[in-house]
K.L.:
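Quick one: the structure is below, and I'll ask about it shortly.
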Amino acid sequence: MDKMRLETSDIREKNVELIGKLFPCCVTEYRTEGDKVNKKIDFDALRRILGEDISEDDEKYEFTWVGKKRAFMEACSPTRSTLRPELDRSIDWDTTENLFIEGDNLTVLKLLQESYLGAIQMIYIDPPYNTGEDFIYSDNYRIDSREYEEMIGIRDESENRLFKNTNSNGRFHSDWCSMIYSRLLLARNLLADEGVIFISLDDNEQANMRKICDEVFGESNFIAQCVRKRRDSQANLSKNISPIHEYVFIYSKRNGDILNKVRASIDENEYRNPDDDPRGPYKTMPCTNKGGSVYTVVTPTGKEITEEWRFKQETYYALLADNRLVFPKGGDGKPRYKLFLSEKMEEGQLANTWLDNLASNQEATRELKAIFGDRVIFDTPKPLGLLKFCLELATKKDSIILDFFAGSCSTAHAVMQLNSEDGGNRKYIMVQIDEACDEKSDAFKKGYHTISQIGLARIKAVSDQMKKAGDKIDLGVRVFRADDSNMKDIYYSPSDMDQSLLPLLESNIKEDRSDLDLLFGCLLDWGLPLTMRHMSECIDGYTIHTYNNGDLIACFDEDIPDSIFKMIAKRQPLRAVFRDSCFRNSPDKINVVELFKVVSPDTRVKVM
Ligand SMILES: C[S@@+](CC[C@H](N)C(=O)[O-])C[C@H]1O[C@@H](n2cnc3c(N)ncnc32)[C@H](O)[C@@H]1O
C-alpha cells in the first residue's frame with residue numbers, strides 16, 4: 001500500500017508531469033546540482049509539436065543522455081586496482097586456461113585491456129535489464145535503489161521517502177545507459193577482429209541498447225536483433241499482453257561473413273536410399289526453376305523436355321554423370337536432383353533471427369535445479385541451449401569466450417559442455433561482482449552468500465560431474481579477485497610524502513600482499529595472459545618466480561645478493577622484476593642494470 005505523502009507537492013514537478021502525460025516525447029532527463037537526475041520539459045520538442053519553427057542550425061544525428069560524457073571519461077580513466085589470485089577457490093590452478101574473476105566488471109575490463117587486447121573471439125552478456133527492480137549502477141560503483149534514493153535526495157534526513165521511485169518515471173534510463181556504455185567501450189577493445197558480441201535484453205532498454213551498440217561497434221557491424229522465446233507458457237498476469245520473448249543483439253567487430261552456419265534441423269525420415277547410392281540417404285528436389293536457364297533435356301525413356309532449369313546446362317550434365325539425378329515415373333518424369341543427408345549436414349544452415357526453438361528461461365531454471373537441488377538458487381539464469389547456440393555461431397574450437405555479467409556461470413557451463421561434445425579447447429573468462437544474496441533467499445540458506453559463490457559452485461559441480469564421467473577436457477578454473485592496488489599511495493605520488501618520513505617507510509608494497517599477488521599485478525601491467533604456467537623455487541633462501549618459461553622472472557625479496565641477480569640474468573628472461581627496496585643503495589641498482597646489459601641485453605628490467 002502506498003504511503004500518504006503528508007506534504008504539499010512540488011507544483012513544478014506536477015506541471016512537468018501533466019505536459020508529459022500529453023506529450024511524452026517532450027520530457028527529458030537532466031542533471032541538477034549535486035548530481036541528482038531530474039525530469040524537465042524539452043522546449044524545442046514542445047515547440048516542434050505545437051507547430052512552431054525552431055532553428056535547424058544545431059541539429060545533428062546523435063543519441064545522448066545525462067552522464068554520457070562522464071561515462072566515456074570513466075571508461076578511459078585508469079585504475080590502480082589489481083587482480084589477486086585465489087588459489088584455494090581455484091580448480092586445477094597449474095594447468096587450466098579458464099578464468100573466473102570476482103569484481104566490478106568496469107574495473108576488471110580495464111585490468112584486462114593489456115593482457116587480452118583483441119584476444120576474445122566471443123563475448124556473451126546478460127546485463128541487468130533495468131526492470132526497476134534490479135540494481136542501479138553508478139559510474140564506478142554499484143548501489144542499490146535505497147542508496148540511490150539517498151544519493152539523489154529522495155529521502156530526507158529523517159529517512160522519509162518523498163516520492164515513489166519507479167522506473168516508469170524514466171529516471172533510471174540515463175544511469176543504465178552510462179553503465180552499459182562505458183563497459184561496452186572497454187569490451188570492444190578485447191574483441192578479436194573476427195570477434196562477435198551477443199547481448200541478451202528485453203523491451204526495457206532494447207531501443208537504447210541498439211543505439212549504444214550502433215555507436216560503440218558501428219552500425220555496419222550490426223548483425224541481428226534476434227527475437228528469442230523466453231517462456232514456454234504464458235503467465236496471465238501482465239497488463240494487455242503477455243511478453244514471452246526477449247532479444248539477442250549480435251554485433252561483430254568488423255563487417256563480413258563472420259558467423260558459422262548452424263547444424264541444419266533435418267527430419268531424417270525424409271531421406272531414403274532406394275538405389276543404394278554409396279553417398280547414403282538422400283531426398284530429391286525439383287530441377288526446374290522459374291527464371292533459370294532454358295534448354296532441352298532427354299529422359300531415360302527418350303522424352304525431350306524443354307524447361308527453365310535451376311542449373312546451367314553444363315552443371316546439369318555433370319550431375320547426370322555423377323548419378324545425382326533421378327527421373328521419376330519410370331524414367332519418363334522431369335529430372336530431380338539428389339540432396340544427400342551427409343552433405344546437407346556438413347553444409348549446415350544459416351541461423352535466423354527467430355529463436356523460438358532454443359531452450360526457455362524456465363528450462364534454465366530446471367538446469368540449475370538439476371545441479372543445486374530443487375530450490376531456486378538464482379533468479380535469472382540463461383539456458384545452455386541459448387549459450388551453446390551462440391558458441392556454435394561465433395567460436396572456433398580454441399576460442400576465448402568472455403562473459404562479464406556471469407551470474408550463475410551458465411556460459412562457463414556451456415563452454416565445458418560444448419568442448420566435451422566436440423573435443424574443443426575453448427576457454428572462458430567469467431566476471432561477476434561479489435553481489436550479496438538476500439539473507440532470506442534459498443541461496444543464502446544453502447550457504448551461498450554471494451552470487452559469485454553460486455557461479456563458482458556451478459563450475460565446480462559441472463567439473464566434478466564431467467571428471468567423473470571420464471572427460472579429459474580442461475575442467476579447471478583460475479580464480480582471481482579484483483582488489484585495490486598492491487602498492488601504497490606513496491608509490492604513485494612520492495612527492496606528496498614528507499621527506500623526513502621516508503626512512504620510516506619500510507616498503508611501498510602493502511603488508512597483506514603475497515608474492516603471487518605481486519607477480520600477477522606485474523603480468524597485468526606487462527600485458528601477459530593470466531593463465532600460463534608458472535613456478536616458484538627457493539635458491540639460497542630467495543624465492544624466484546618464473547612465468548611461462550621465462551616470459552618473466554621475478555624476485556620480490558629484500559636485499560637480493562649479486563649471485564641471485566647473476567643467476568636470473570643468465571637465464572635470459574624476456575622480463576625481470578624486483579622490489580625497488582631490494583637494492584641497498586643507488587650504485588647497487590646501477591650495477592644490476594649494467595649486469596643485465598652485459599649478460600642478457602634483451603631482458604627488460606623493472607622495479608616496483
Ligand atoms: C542477469 S544476471 C546474468 C545471469 C547469467 N547470464 C546466468 O545465466 O546466470 C546479471 C549478473 O550480472 C551481475 N552484475 C551486475 N553488475 C555487475 C558488475 N558491475 N560487474 C560484474 N557483475 C555484475 C549481477 O550480479 C548478476 O549476477
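Position 1 is the first residue of the sequence; numbering continues from there. Note that ligands are numbered from 1 as they come in the structure, with each ligand's atoms numbered from 1 the same way. Every heavy atom of this structure was used, including side-chain atoms; hydrogens, water molecules and symmetry mates were not.
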K.L.:
Please work out whether any backbone atom (N, CA, C, O) or any side-chain heavy atom from C-beta onward of Lys382 is under 4.0 Å from ligand 1, and answer side chain, backbone, both or neither.
P.N.:
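Both of them.
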K.L.:
Determine yes or no for a side-chain-to-main-chain donor-acceptor pair under 3.5 angstrom, with Arg183 supplying the side chain and Ala75 the backbone.
P.N.:
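No: the side chain of Arg183 does not pair with the backbone of Ala75.
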K.L.:
Answer with side chain, backbone, both or neither: which part of Asn105 has a heavy atom less than 4.0 angstrom from an atom of ligand 1?
P.N.:
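Both backbone and side chain of Asn105 come within 4.0 Å of ligand 1.
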K.L.:
Check for a donor-acceptor pair, side chain of Lys446 on one end and backbone N or O of Phe372 on the other, with a separation under 3.5 Å.
P.N.:
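Here the side-chain-to-backbone pair exists.
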K.L.:
Is the shortest side-chain heavy-atom distance between Val577 and Leu552 below 4.5 Å?
P.N.:
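Side-chain contact under 4.5 Å: yes.
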K.L.:
Can you list the ligand 1 atoms lying under 4.0 Å from a non-hydrogen atom of Ser410?
P.N.:
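Those of ligand 1 that fall under 4.0 Å from Ser410 are 7 (C), 8 (O), 9 (O).
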K.L.:
If you measure every N/O of Arg458 against every N/O of ligand 1, is any gap under 3.5 Å?
P.N.:
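No; every N/O pair is 3.5 Å or more apart.
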K.L.:
Return yes when Gly455 approaches ligand 1 closer than 4.0 angstrom through a heavy atom, no otherwise.
P.N.:
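Under 4.0 Å: no for Gly455.
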K.L.:
Any donor and acceptor pair, going by atom type alone, linking the side chain of Lys382 with main-chain N or O of Asp126 inside 3.5 Å?
P.N.:
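Pair absent, no side-chain N/O of Lys382 close to backbone of Asp126.
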K.L.:
Okay, side chain of Asn105, backbone of Phe404: is any donor-acceptor separation there less than 3.5 Å?
P.N.:
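Between the backbone of Phe404 and the side chain of Asn105 there is a qualifying donor-acceptor contact (under 3.5 Å).
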K.L.:
Should Asp403 be counted as touching ligand 1, given the test is an N or O pair under 3.5 Å?
P.N.:
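The answer is no, given that Asp403 and ligand 1 share no N or O pair closer than 3.5 Å.
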K.L.:
Under 4.0 Å from a heavy atom of Asp104: give me the atoms of ligand 1 that qualify, with their elements.
P.N.:
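Those qualifying, in numeric order: 18 (C), 19 (N), 20 (N).
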K.L.:
Please identify which atoms of ligand 1 are closer than 4.0 Å to at least one heavy atom of Ile451.
P.N.:
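The atoms of ligand 1 under 4.0 Å from a heavy atom of Ile451 are 25 (O), 27 (O).
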K.L.:
Considering only heavy atoms, does Glu102 approach ligand 1 within less than 4.0 Å through its side chain, its backbone, both, or neither?
P.N.:
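Neither; nothing of Glu102 gets under 4.0 Å from ligand 1.
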K.L.:
Any chance the side chains of Asp232 and Ser360 put a donor and an acceptor closer than 3.5 Å?
P.N.:
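Asp232 vs Ser360: donor-acceptor pair found between side chains.
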K.L.:
I want to know if ligand 1 touches Pro127 in the polar sense, i.e. an N/O pair below 3.5 angstrom.
P.N.:
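No: no nitrogen or oxygen of Pro127 is under 3.5 Å from one in ligand 1.
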K.L.:
How about Phe222 and Phe249: are their ring centroids closer than 6.0 Å?
P.N.:
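Not close enough - the centres of the two rings lie 6.0 Å or further apart.
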K.L.:
What do you reckon, does Phe404 put a non-hydrogen atom under 4.0 Å from ligand 1?
P.N.:
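Phe404: in contact with ligand 1 (<4.0 Å).
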K.L.:
As a check for students: among Leu368, Asp126, Val431, identify the option with a heavy atom nearest to atom 4 (C) of ligand 1.
P.N.:
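Among Leu368, Asp126, Val431, the closest heavy atom to atom 4 (C) of ligand 1 belongs to Asp126.
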K.L.:
Take every heavy atom of Ala364, measure it against each atom of ligand 1, and state whether any distance is under 4.0 Å.
P.N.:
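In this structure, Ala364 fails to qualify as a contact of ligand 1 - no heavy atom is under 4.0 Å.
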K.L.:
Are any of the heavy atoms in Arg183 under 4.0 Å away from ligand 1?
P.N.:
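It does, in that a heavy atom of Arg183 comes within the 4.0 Å cut-off of ligand 1.
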K.L.:
Do the side-chain N and O atoms of Asp203 and Tyr247 include a donor-acceptor pair separated by under 3.5 angstrom?
P.N.:
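On atom types as modelled, these side chains qualify, holding a pair under 3.5 Å.
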K.L.:
May I ask you to identify, for Ala406, whether its side chain, its backbone, both or neither come under 4.0 Å of ligand 1 on a heavy-atom basis?
P.N.:
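Only the backbone of Ala406 comes within reach of ligand 1.
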K.L.:
How about Phe520 and His534: are their ring centroids closer than 6.0 Å?
P.N.:
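Ring centres of His534 and Phe520 closer than 6.0 Å.
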